[in-house]
Amino acid sequence: MTLAEHPTTAPPLASYGAVLGSRHVARLLGGTLIGRLPNSMVPVGLVLWITGGGGSLAFAGMLAALYGLASGLSQPVKGRLMDRYGQTRVSAPAVLLNASCLATLPLIRACGQPAAVTAVVGLAGLVTPPLEAGLRALWPTVLPDLGRRRVVQALDTGSQGLLYITGPVLASWLATMHGPDTALAATAALGLTGTTIVLTSSPSQTWRPAAGVTGRGRLMSAGLVLLFTALAGTGFTFGAMNVWAAGLAGTHGQAMLCGLLPAVFSTGSFVGSLVYARRAWPGTTRSQLITTSALFLLGWMPLLAQPGPETAFALMAIPGLFFTLIITNGFHTVDALASASRTTEAYAWLILSVGTGQAAGTALAAALAARPGVLAALPACGAATALTILVLARGKLGPGRRLGRHRRTRGQGDAHRTPPPIRRRAAGTRSPHLASTGSERALSALAGHARGTRASARAGAARPVGGPVVVPGNQRPPKFR
């Protein structure tokens, strides 16, 4: 049974200590977070490396966007390869190529060979290891219990928001203290270390897609397409927020707001994941997805009034509280709708949809940066679009006919199931099928009556006068008039 099918009030929740103390959990979660640090460090590192070498900020921004775009667009392909060949055979060569490209960049002049730099950065983005989608596919194997799985998946989503606080700060500190070349080399080392921690674990090495199901069927259903479109609207909100924060910082002459406001949002997202995982909430995953999207939209409403820096700082945590909940329930919905052999690919499409929406929100907000009123309304517009799509598609967000990856397998939880009726073949019939049709049941009844008649005749012949009735086996005694 999937989390999306199961009412969220049913599985008892476990404590954070019990979940993190479960075997492999801390290793997988920590290794994935370390391995994904380059996703937030590379853009900052590239900007500092290019500008520090005399290159233009426009070229540096283009490289940072290229890395993120190549990484996002290649996620579904890498996810499908992982579903087919396993995690080690996909992520191991990917991380080696990615680390090699990042380590090679300092050997190339930052502004002397722009074509070579662009090619290396694009290749590095294409081969980023799909750690997030891979980890999502591992949790049902590591934690079969539904309650513990809900806790760890909420912690997983919430803690990833902290990457975009820690990563840029770490990259900036390394570039300032040891130089941009060292920052890029350290970024490559962190990615290689984190991915190695995950890939050398037993769950990752032994993981395979669902047995007996081929991956040739169509992945996308109407429900998945609408879900991914709605989550692109959620990502649009996140991208527009970053530009809005930069605009607010420029308007009030406080440069720190550019980083502080997204940090407050990410902190609220992490706190929201802790609160969500601490107890079971009423309703199904579908209803929670719509409810949290509505609350996410309401959280952006006060910011439409273009508040001052202090008020904006206090209000930014409110929409952040619900961001993790939307993504977490989105993953649970994918679990119910995706094909059993292609869940990693489906998770990758979800990640791509959020990333694509984020890029679109950043681009549109940057184009409208000169209009503060419109800029402040863009995050709410993205949240409203996502909520509208989810409400209209609510009938298609339930479990489809295809089995989800983590549904209950045969024999699991069957202790109280009513056994099927025993069907016997009708004696004297030539039908190769079981006696399930009306005609065969009639023949079976006639054959039984004939056997009873012959047994009665034998019993009557063997019965002594005045003696007891001798009944062979478990047959009922014949009636004598």
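The figures that follow rest on heavy atoms only: side chains count, while hydrogens, waters and symmetry mates do not. We're numbering straight along the sequence, starting at 1.
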Checklist entry - Thr141 and Ala137: which non-hydrogen atoms are nearest, and at how many Å? => result OG1-O, 4.5 Å
Next on the checklist: So does Thr200 get a backbone contact from the side chain of Ser204, meaning a donor-acceptor N/O pair under 3.5 Å?
Outcome noted: no
Checklist entry - Do the side chains of Thr128 and Gln75 get nearer than 4.5 Å, heavy atoms only? => result yes
Checklist entry - About how many Å separate CG of Leu37 and OG1 of Thr187, when rounded to the nearest 0.5 Å? => result 8.5 Å
Next on the checklist: Can a donor-acceptor pair be found, under 3.5 Å and without considering hydrogens, that links the side chain of Ser71 to the backbone of Gly68?
Outcome noted: no
Next on the checklist: Rounded to the nearest 0.5 Å, what separates atom CG in Leu135 from atom CZ in Arg36?
Outcome noted: 9.0 Å
Checklist entry - Sub-3.5 Å donor-acceptor pair from the side chain of Thr237 to the main-chain atoms of Ala383, do we have one? => result yes
Checklist entry - Within a strict 4.5 Å, meaning less than it, do heavy atoms of the Leu155 and Leu274 side chains meet? => result yes
Next on the checklist: Holding to side chain to side chain contact (heavy atoms under 4.5 Å, CB included), I want the full list of residues that pass it with Leu226, two or more places apart in sequence or in another chain.
Outcome noted: Ile389, Ala393, Lys396
Next on the checklist: Run Met316 and Trp300 through side-chain contact (heavy atoms from CB on, under 4.5 Å) and show every step you take.
Outcome noted: CA-CA 8 Å; Met316 278 303 299; Trp300 288 108; 4.0 Å; yes
Checklist entry - Hey, is the main chain of Ala154 close enough, under 3.5 Å, to the side chain of Thr157 for a donor-acceptor pair? => result no
Checklist outcome for this item: All heavy atoms of Arg148 vs all of Ala18, minimum pair found to be NH1-O, 3.6 Å
Item to check | Gap between atom CG of Leu387 and atom OG1 of Thr291 - 0.5 Å precision | outcome: 9.5 Å
Checklist entry - Do Trp281 and Val275 come within less than 4.5 Å of each other through their side chains, counting heavy atoms only? => result yes
Next on the checklist: Which residues pass the ring-ring contact (aromatic ring centres under 6.0 Å, His included) test with Phe323, not counting sequence neighbours?
Outcome noted: Phe238, Phe265
Next on the checklist: For Thr344, is there any backbone N or O sitting under 3.5 Å from a side-chain donor or acceptor partner on Arg136?
Outcome noted: no
Item to check | Point-to-point distance, once rounded to the nearest 0.5 Å, from OG of Ser22 to CG of Leu29 | outcome: 12.0 Å
Item to check | Polar side-chain atom of Ser287 near backbone of Thr284 as donor-acceptor pair, under 3.5 Å | outcome: yes
Checklist entry - Is there a donor-acceptor pair closer than 3.5 Å between any side-chain N or O of Arg394 and the backbone N or O of Val391? => result yes
Checklist entry - Looking at OG1 of Thr292 and CG of Leu297, how far apart are the two atoms once the value is rounded to the nearest 0.5 Å? => result 11.5 Å
Item to check | Met41 vs Leu174 side-chain heavy atoms within contact, under 4.5 Å | outcome: yes
Item to check | Side chain to side chain, Leu261 and Trp244, heavy atoms closer than 4.5 Å | outcome: yes
Checklist entry - Side chains of Trp349 and Arg342: does their closest heavy-atom pair fall under 4.5 Å? => result no
Item to check | Closest heavy-atom pair and its distance - Leu304, Ala380 | outcome: CD2-CB, 4.1 Å
Checklist entry - Does the Ser159 side chain pair with the main chain of Asp156, one donor and one acceptor, at a distance under 3.5 Å? => result yes
Checklist entry - Under 4.5 Å between any side-chain heavy atoms of Gln288 and Thr328, yes or no? => result no
Checklist entry - Can you find a side-chain donor-acceptor pair between Gln153 and His332 that sits under 3.5 Å? => result yes
Checklist outcome for this item: All heavy atoms of Ala133 vs all of Ala348, minimum pair found to be CB-N, 4.1 Å
Checklist entry - Considering the options Ile50, Val44, Leu46, which one meets the side chain to side chain contact (heavy atoms under 4.5 Å, CB included) requirement together with Leu48? => result Val44
Item to check | side-chain contact (heavy atoms from CB on, under 4.5 Å) evaluation trace for Arg286 with Thr333 | outcome: CA-CA 7 Å; Arg286 176 173 54 188; Thr333 306; 5.8 Å; no
Next on the checklist: If only side-chain N and O atoms count, and only distance matters, is there a donor-acceptor pair under 3.5 Å linking Thr324 with Ser273?
Outcome noted: no
Checklist entry - Would you find a donor on one side and an acceptor on the other, under 3.5 Å apart, between the side chain of Thr166 and the backbone of Leu163? => result no
Checklist entry - So how far is it from Leu96 CG to Leu192 CG, rounded to the nearest 0.5 Å? => result 6.0 Å
Item to check | Thr234: partners by side chain to side chain donor-acceptor pair (under 3.5 Å), with sequence neighbours left out | outcome: none
Checklist outcome for this item: Between Gly299 and Pro319 the two heavy atoms that sit nearest each other are O-CD, 3.7 Å
Item to check | Within-4.5 Å side-chain heavy-atom neighbours: Trp139 and Leu28 | outcome: yes
Checklist entry - Going through the checks in order, is the side-chain contact (heavy atoms from CB on, under 4.5 Å) test met by Phe59 and Leu63? => result CA-CA 6 Å; Phe59 181 55; Leu63 290 178; 3.8 Å; yes
Checklist entry - Can you check side-chain contact (heavy atoms from CB on, under 4.5 Å) on Thr196 and Val95, steps first, answer last? => result CA-CA 9 Å; Thr196 302; Val95 72; 5.7 Å; no
Checklist outcome for this item: Closest heavy-atom pair, Leu390 versus Ser293, reported as atoms and distance to 0.1 Å, is CD1-OG, 3.1 Å
Next on the checklist: Tell me if a side-chain donor or acceptor on Asp83 pairs with a main-chain N or O of Glu345 at a distance below 3.5 Å.
Outcome noted: yes
